[in-house]
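FYI, side chains are in, hydrogens and waters are out, and symmetry mates aren't considered; it's all heavy atoms of this structure. Each ligand, and each atom within it, is numbered from 1 in the order the structure gives.
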Amino acid sequence: MSASEPSAAESEDAGHPGARGAGRTPLVAGNWKMYKTEAQAESYIQGLLPRLSSVERVDVAICVPFTDLRAMVDSTRGSRVEVFAQNMHEEAEGAFTGEISAPMLSEIDVYGVVLGHSERRALFGETDRALAQKVPAALAAGLTPILCVGETEEERDGGDTERKLRHQVHEDLAAVAPGDLQRVVIAYEPIWAIGTGRVATPEQAQEAIAFIRALLSDRSVAPAGDPEIAARVRILYGGSVKPENAQELLALPDVDGALVGGASLAPESFAAIVAAAEKALA
Ligand code: 13P
């Protein structure tokens with residue numbers, strides 16, 4: 001083999017859509033859910049920012065209630081923390097009492113938005129049909145969507161995990177323009193692992209996320225599908241991520257970060273997960 005030829009390991013890596021060579025920067029995002037008043041959010045961020053001062057290779061986001069957005073955008077300016085909303089309506093404006101639109105979020109410098117979280121699907125009737133409009137609407141407004149997908153315990157036990165993931169990926173990304181797919185972040189959140197303390201095994205997380213990446217490279221499933229684009233999409237794991245289990249999960253080849261619920265609510269534990277993500281890169 002000549003010096004210019006890649007080694008077997010390198011060429012295998014380059015052909016593997018999950019290869020870190022695709023340059024995916026890990027993202028650790030804290031989903032606060034319906035926690036923290038503005039005053040509590042301010043106190044939290046003052047505790048978090050100094051704890052992130054040595055972070056260099058991991059992107060950090062907080063996904064906060066609407067009422068905290070403006071204060072968190074102001075308080076995180078110049079830091080590496082990006083601020084996300086937790087939901088939005090698919091239309092830009094209209095007679096939709098109680099809703100918030102993508103242009104409203106982007107105008108106040110919100111970075112992105114969580115879409116299709118299982119709590120919104122299960123408790124608030126969020127549908128794949130609405131998500132098919134929400135994802136492109138977020139992108140059109142310059143927001144980064146974090147699209148959540150995942151199976152119930154019943155679906156996993158019934159061998160239906162792949163069918164569920166294929167359905168959600170197919171439906172929710174159906175209207176994403178070619179070239180925009182790599183701006184979407186996907187979070188694989190098995191519903192049975194959310195808020196339960198039960199975490200997917202590394203094998204389960206890697207297998208499901210590699211499956212999602214394979215779906216993204218398939219044009220018949222994701223319209224913009226292409227192996228090269230799929231290799232650039234960040235796919236996070238979510239569900240009972242804690243400082244103790246983060247490093248093992250984040251070291252998996254296709255896992256590009258975490259969407260953290262409960263353990264993101266204290267700056268100490270959230271910063272420890274970010275630190276684990278940096279260590280996992282080593
Ligand atoms: P937990 O980390 O509390 O299980 O929540 C996960 C989640 O739903 C993040 O969006």
Side-chain angles (χ1 to χ4, degrees), residues 26-36 40-41 44 48 58-66 68-69 72 81-88 110-124 126 131 134-135 138 143-153 155-156 161 164-165 168-169 172 184-202 204-205 208-209 212 234-250 252 255-277 280:
L27 169 65
V28 176
N31 177 11
W32 291 0
K33 310 192 178 183
M34 197 177 73
Y35 288 95
K36 299 194 190 299
Q40 291 167 335
Y44 172 98
L48 180 67
V58 175
D59 290 342
V60 182
I62 49 174
C63 313
V64 309
F66 289 129
D68 295 339
L69 285 170
M72 290 303 95
V81 178
E82 305 290 5
V83 177
F84 282 62
Q86 298 174 8
N87 180 38
M88 56 162 239
V110 168
Y111 192 86
V113 58
V114 177
L115 295 175
H117 191 280
S118 63
E119 286 150 18
R120 294 220 59 85
R121 293 177 190 259
L123 305 174
F124 302 101
E126 175 139 62
L131 287 163
K134 288 187 182 198
V135 178
L143 299 169
T144 295
I146 299 179
L147 173 69
C148 301
V149 297
E151 81 287 357
T152 62
E153 182 163 34
E155 286 162 338
R156 176 161 283 271
T161 299
K164 176 73 171 294
L165 295 177
Q168 290 182 324
V169 167
D172 302 352
V184 177
V185 177
I186 297 185
Y188 167 61
E189 298 208 307
I191 296 167
W192 47 270
I194 294 179
T196 58
R198 280 177 65 197
V199 64
T201 64
Q204 288 170 327
I209 290 179
I212 293 168
R234 290 187 291 183
I235 310 181
L236 317 181
Y237 168 79
S240 298
V241 176
K242 307 275 181 258
E244 305 79 57
N245 59 28
Q247 195 178 335
E248 184 177 28
L249 288 161
L250 295 171
L252 297 166
V255 178
D256 303 318
L259 185 56
V260 186
S264 75
L265 291 173
E268 298 79 4
S269 49
F270 188 52
I273 293 171
V274 176

Check: At a non-hydrogen distance cut-off of under 4.0 Å, which region of Asn31 contacts ligand 1 (side chain, backbone, both, or neither)?
Finding: side chain
Check: What protein heavy atom sits nearest atom 4 (O) of ligand 1, and how far away is it?
Finding: Gly195 N, 2.6 Å
Note to self: Please determine whether the number of non-hydrogen atoms from other residues, nucleotides or ligands lying under 6.0 Å from atom CD of Gln204 exceeds 12.
What the structure shows: yes
Check: What do you reckon, does Ser240 have a nitrogen or oxygen under 3.5 Å from a nitrogen or oxygen of ligand 1?
Finding: yes
Margin query: So, taking the atom named CG in Asp256 and the one named CG in Leu236, what distance separates them when rounded to the nearest 0.5 Å?
Written below: 7.0 Å
Check: So His117 and Glu126, side chain to side chain donor-acceptor pair (under 3.5 Å) or not? Walk me through it.
Finding: CA-CA 9 Å; His117 191 280; Glu126 175 139 62; over 6 Å; no
Next item on the list: Please say whether Thr196 places an N or O atom under 3.5 Å from an N or O atom belonging to ligand 1.
Entry: no
Item checked: Donor-acceptor under 3.5 Å (Tyr237 side chain, Gly239 main chain) -> yes
Check: Which atoms of ligand 1 have any heavy atom of Leu259 under 4.0 Å away?
Finding: 9 (C), 10 (O)
Note to self: Quick test: of every protein heavy atom, which one is nearest to atom 9 (C) of ligand 1, and how far off is it to 0.1 Å?
What the structure shows: Glu189 OE2, 2.9 Å
Next item on the list: Report yes if some N/O of Ala263 lies less than 3.5 Å from some N/O of ligand 1; otherwise report no.
Entry: no
Check: Hey, does the side chain of Arg121 reach the backbone of Gly116 with a donor-acceptor pair shorter than 3.5 angstrom?
Finding: yes
Check: If every non-hydrogen atom of Cys63 is compared with every non-hydrogen atom of Ala85, which pair is closest and at what distance?
Finding: CB-O, 4.3 Å
Check: Which is closest to atom 10 (O) of ligand 1 in terms of heavy atoms, Arg198, Glu119, His117, Lys242?
Finding: His117
Item checked: ligand 1-proximal atoms of Ala187, by part, heavy-atom distance under 4.0 Å -> neither
Next item on the list: Would you mind checking which non-hydrogen protein atom is closest to atom 3 (O) of ligand 1, with the distance to 0.1 Å?
Entry: Gly262 N, 2.8 Å
Check: To the nearest 0.1 Å, how far is atom 2 (O) of ligand 1 from its closest protein heavy atom, and which atom is that?
Finding: Gly261 N, 2.9 Å
Item checked: Ligand-residue contact atoms, ligand 1 with Ala193, heavy atoms, under 4.0 Å -> 4 (O)
Notebook entry, point to check: Side chain of Thr152, backbone of Ile191: donor and acceptor closer than 3.5 Å?
Noted result: no
Notebook entry, point to check: According to the interplanar angle, ranging from 0 to 90°, do the rings of Trp32 and Tyr44 count as parallel (below 30°), tilted (30 to 60°) or perpendicular (above 60°)?
Noted result: perpendicular
